[in-house]
Amino acid sequence: MWRGQQFERAAVSLRQAYVIVSATVFALGVLDAAEPEGSAARLAGAVQFLSSDDLEGRGVGTDGLDKAADYIASEFAKAGLQTELFDGSPFQVFQEPADAELGPATENTIEFIGPALEGQDEPQRISLEIGSDFHPMALGGTADVQAPLVFAGYGISAKDPQYDDYADIDVKGKVLVLLRKHPGQADKDIAFHTRRGQRHAYFITKVANAFEHGARAVIIVNDAHGVTKTRQNAENARDEEVKKLIARRNAFKKNETPTTDEREQYLNEIDKIIGRIEELEQQLSAGADKILQFGEGGQSSNWKTLPVYFAARAAIEPVVQSALGKSLADLERQIDHEFTPQSQVLEGWDAHCRAMVTHRQVDVKNVLGVLEGEGSLAEETIILGAHYDHLGNGGNGSLAPWTRAIHNGADDNASGTSTLLEVARRLASRPQKSRRRLVFIAFTAEERGLNGSTYYVKNPLVPLENTVAMLNMDMVGRLTDNKLVVYGTGTAVEFDGLIEGLNKRYQFDITKKPTGYGPSDHQSFYKQKIPVFHFYTNTHSDYHRPSDDFDKINVAGMLRIADLVAEIADRIDGADERPAYQDTK
């Protein structure tokens, strides 16, 4: 549904902004200065459409992602770009795994095999029960593995802070037991509490790290801090409901002559409170060491032959006690107290793990449009990009992993995609012809690890050696206090001076990041030694949550960023020499 009042407020602020900048910003003919309100309507409409519930969070495997691709392709064509690029279409198609499916219980098993008990000849065998002791995780794969067991702490390899659970142990060919989350959760000064540090707690990061170290299977268990916090939260919630019950009963007693309606309302309220207390009591009785259900830790998998499980601590504890003479809690306290890994082989114990997890493959699409160049530099290419996918209903990557709800991703990255469309319109409508080819790409599967841009650089439309620069936009919809973050200012000799010179007119409060690396699609190009710019208005409390909605978008800020990006592209296009690539840290 169109939010008319929000748009009217945005339009007012746009008119005010353009009074200041329109006289000078469009001197290059990038945009007619009389058009700001038309641009605002286009931008607002694009963001609203791409972030609507109808598009289902633009998750891989959803019809909404295909609807978004069709919309972008249509807008590229309307802007005057060539779109008959791949067998007559704008779509560069490749495949990604969609929702996983779990095989029968008989094909998903875990058995621990240990040294024989005193007085016995046969080895110990501890068989876990699917559903109560463990569940396979959808981000794992299918295999039948028997290998030695290793406790590998939190499964983290980090440079900031300096911490590596794999530093002094070889886990190649082993089955790993890993703790959920990260060290020092009770200490807010530990660097793992930063956004960069938090990514080491993601399931997908832990599994990727285990795979890179040669693990054959991964068993993840709840961390002690999380179990304690879950139990405390349930106890506190139960106690609050009991207080509500007592208060409501006492209040009702004071009413000596309640009406029939008042009595009925009271009984309904009491029933609801008692139901909530019973629910919390059941949670406490079941214990706070809850195992995740299949699919709760994410659906996508890059590890087709690496089984991944989530198990109860109680199911692992006897093995740890037998092998090390200490508990999981003892190991965690030692890690937290000393901030030192405690990874070690669980001597004498093997795990026989079987998993059957199938991943349905679906077609996904990068969407491309081209504005050809003219003249001696026409074979050189400038790429402008933004990813259009998001997280669907949440799950892997969501920062509200307990919530199954549409993650509309208005800022991430309906804002960048919509700005890309606006930049395409402006550059295509310039009075002068492009000297270089301009390729506009809306990438898919960025949220799964820059997969769309990675596929493109491996299968480029035009040779990468002729690609002179890449300009990327990701989360540009929340300009606050005029602050804009620009990555890549050190990736070409000319780039720092270019952004400094142009910003004298645009007057953003710019934070420059010289590096070409970073969490978006520009990184895929920088790895190919292509100079890059990446534009970003910073993270916020709605990032990767269902609350990232259109009503929080700063359309006026997006228009100013579109102006800047279009002019940067125009300057690079108009230069006689291609930008001179530089290495950055």
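By convention here, the first residue in the shown sequence is residue 1. The structure presented is a predicted model; accordingly, all values stated were derived computationally and were not measured.
- R42 is not listed as a side-chain neighbour of V555, based on a closest heavy-atom distance of 4.5 Å or more.
- Note on K272 versus E269: no salt bridge recorded, every NZ/NE/NH1/NH2 to OD/OE distance being 4.0 Å or above.
- The closest donor-acceptor contact from the side chain of H390 to the backbone of G392 lies at 3.5 Å or more, if one exists at all.
- Counting only heavy atoms from C-beta outward, the side chains of K365 and D66 approach each other to under 4.5 Å.
- Taking the six-membered ring for Trp and the full ring otherwise, the centers of Y388 and F443 sit at least 6.0 Å from each other.
- A salt bridge does not link R560 with D563: every distance from a Lys NZ or Arg NE/NH1/NH2 to an Asp or Glu carboxylate oxygen is 4.0 Å or more.
- Between atom CD of residue Q48 and atom CG of residue L43 there is a gap of 12.5 Å, rounded to the nearest 0.5 Å.
- Ring geometry for Y536 against H534 counts as parallel: the plane angle stays under 30°, on a 0 to 90° scale with 60° as the upper cut.
- A side-chain donor from one of D549 and N408 sits under 3.5 Å from a side-chain acceptor of the other.
- With hydrogens and angles ignored, the 3.5 Å screen pairs a side-chain donor or acceptor of E262 with a backbone N or O of T259.
- Between R478 and the choices D542, T539, N554, the side-chain hydrogen bond (donor to acceptor under 3.5 Å, both in side chains) rule is met once, by D542.
- Salt bridge E281/R238: present, at least one basic N to carboxylate O contact under 4.0 Å.
- D548 contributes a side-chain N or O that, together with a main-chain N or O of D411, makes up a donor-acceptor pair within less than 3.5 Å.
- Each of F203, F134, F294 was scored for a ring-ring contact (aromatic ring centres under 6.0 Å, His included) with Y309, with one residue passing: F134.
- A donor-acceptor distance shorter than 3.5 angstrom exists from the side chain of S52 to the backbone of F49, with no hydrogens or angles considered.
- Considering NZ of K483 and OG1 of T537, their distance stands at 12.5 Å, rounded to 0.5 Å.
- Between R231 and D289 there is no salt bridge, since no side-chain nitrogen of the basic residue lies less than 4.0 Å from a carboxylate oxygen of the acidic one.
- Salt-bridge formation is detected for the pair R313/E332: a Lys NZ or Arg NE/NH1/NH2 atom is positioned less than 4.0 Å from an Asp or Glu carboxylate oxygen.
- Salt-bridge annotation for E422 and R425: present, with a side-chain N of the basic residue lying under 4.0 Å from a carboxylate O of the acidic one.
- Geometric assessment of R125 against the ring of F112 yields a negative cation-pi assignment under the 6.0 Å and 45° thresholds.
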